[in-house]
Protein chains: 2
Amino acid sequence: MARAHGVLGGKWTTLIFRDLLPGPQRYSGLMRSLGGISPRMLAERLDMLEEAGLVERRVYPTNPPTTDYRLTALGQGMGPVIAAMAAFGSSLPPATGEA
Amino acid sequence: MARAHGVLGGKWTTLIFRDLLPGPQRYSGLMRSLGGISPRMLAERLDMLEEAGLVERRVYPTNPPTTDYRLTALGQGMGPVIAAMAAFGSSLPPATGEA
DNA sequence: CGGTATCCGTTTGGATACTG
DNA sequence: CAGTATCCAAACGGATACCG
């Protein structure tokens, strides 16, 4: 088995979805909004999600070049999952509140 | 850091919820329905979920003693999350189908 | 800006054997 | 039946430095 879990595994994956759901984000934007992720982990997770067909990476030939990431149609399907997780998270007492 | 993620982390946790959602299950029943989990992991995850107040363990003084596990009211709140994940899972192509 | 490369600690998880 | 104990491998993840 290449990876132990599927696309929902890992500490950061759902947070990346949450941040991409409203619309495209740049790499540096994600770094900021995710708060504390290392560049290595962010690149690795984005790679994984792109290979899974859930996220699309676009490079613009501006100067300097810019990049952004957005959810594919398939990736948008995570919306209800994130919403349900957020609702569940708020239903928990503070001590266990981190889903 | 005691544990990196919260109650949704780990490969098996959501599967345990899925199997407990319909009603109480015995330890051996979970072993069977989870297919491939090791006894160590199952015990560890159940412990974690019990400490988080999402699962309740009941021991019956029969002979031999039996045990079962059920979701608490709090744990039932995972229902919509599991449902959303199942829906998302079915929307994925087979190759990426494991959520 | 958008990443890679390297190093290393921590956590997760599988296999197996064993026990009350 | 319902777990524990032990060992080990792999994945996850943080820090930091560096590059086109």
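Scope of the values below: all heavy atoms of this structure, side chains included, with no hydrogens, waters or symmetry mates. By convention in this document, chain letters (A, B, ...) are assigned in the order of the sequence lines, proteins followed by strands, and residues within each chain are numbered from 1.
The CZ atom of B/Arg45 sits 19 Å away from the C1' atom of D/dA2 (whole-angstrom rounding). Following rounding to the nearest Å, B/Met48 (CE) and C/dT11 (P) show an atom-to-atom distance of 13 Å. Between the CD1 atom of B/Ile37 and the P atom of D/dG3 there is a distance of 13 Å, rounded to whole Å. Distance B/Leu8 CG to C/dT11 P: 18 Å, rounded to the nearest Å. For the pair A/Leu34 CG and D/dC12 P, the interatomic distance rounds to 17 Å; values are reported in whole Å. The CE atom of A/Met41 sits 16 Å away from the C1' atom of D/dT16 (whole-angstrom rounding). If you take CD of A/Glu44 and C1' of D/dA10, they are 13 Å apart, rounded to a whole angstrom. Protein atom CE of B/Met31 is 10 Å distant from nucleotide atom C1' of D/dA2, rounded to whole Å.
Proximity of A/Lys11 to the phosphate of D/dA11: no side-chain N or O atom is located under 4.0 Å from OP1 or OP2. Considering only side-chain N and O atoms, A/Trp12 lies nowhere under 4.0 angstrom from the phosphate OP1 or OP2 of D/dA11.
For the salt bridge (Lys or Arg N to Asp or Glu O under 4.0 Å) condition, the pairs that include at least one residue of residues 17-43 of chain A, sequence neighbours left out, are A/Arg40-A/Glu44. Pairs engaging residues 66-88 of chain B under the salt bridge (Lys or Arg N to Asp or Glu O under 4.0 Å) rule: B/Asp68-B/Arg70 [sequence neighbours left out].
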Check the interface with nucleotides 18-20 of chain C: list each N/O to N/O pair with the protein under 3.5 Å, or write none.
none

So which protein N/O to nucleotides 1-5 of chain C N/O distances come out below 3.5 Å?
from	atom 1	to	atom 2	distance (Å)
C/dC1	O3'	A/Arg26	NH2	3.2
C/dG2	OP1	A/Arg26	NE	2.9
C/dG2	OP1	A/Arg26	NH2	3.4
C/dG2	OP1	A/Thr67	N	3.1
C/dG2	OP1	A/Thr67	O	3.3
C/dG2	OP2	A/Ser28	N	3.3
C/dG2	OP2	A/Ser28	OG	2.8
C/dG3	OP1	A/Arg57	NE	3.2
C/dG3	OP1	A/Arg57	NH2	2.7
C/dG3	OP2	A/Tyr69	OH	2.6

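Using a 4.5 Å cut-off on side-chain heavy atoms (C-beta onward), B/Gln76 and B/Leu54 make no contact. Within the 4.5 Å cutoff, side-chain heavy atoms of A/Leu20 are placed close to those of A/Leu30. Residues B/Met41 and B/Trp12 are in side-chain contact: their nearest non-hydrogen atoms beyond the backbone lie under 4.5 Å apart.
Within the helix from C/dC1-D/dG20 to C/dG20-D/dC1, the inter-axis angle between the opening and closing five-pair segments is 50°, rounded to 10°.
Proximity of a side-chain donor or acceptor of A/Ser90 to a complementary backbone N or O of A/Ala86 within less than 3.5 Å is detected. A/Tyr27 contributes a side-chain N or O that, together with a main-chain N or O of A/Pro39, makes up a donor-acceptor pair within less than 3.5 Å. A donor-acceptor pair is defined here as one N or O able to donate and one able to accept, closer than 3.5 Å; such a pair exists between the side chain of B/Thr72 and the backbone of B/Gly53.
With sequence neighbours left out, B/Pro80 forms a side chain to side chain contact (heavy atoms under 4.5 Å, CB included) with A/Ala84.
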Any chance you could lay out the side-chain contact (heavy atoms from CB on, under 4.5 Å) test for A/Ile16 and A/Leu42, step after step, and finish with the verdict? CA-CA 9 Å; A/Ile16 292 174; A/Leu42 180 54; 4.1 Å; yes

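For the residue pair A/Leu74 and B/Phe88, the shortest heavy atom distance occurs at O-CE1, 3.5 Å.
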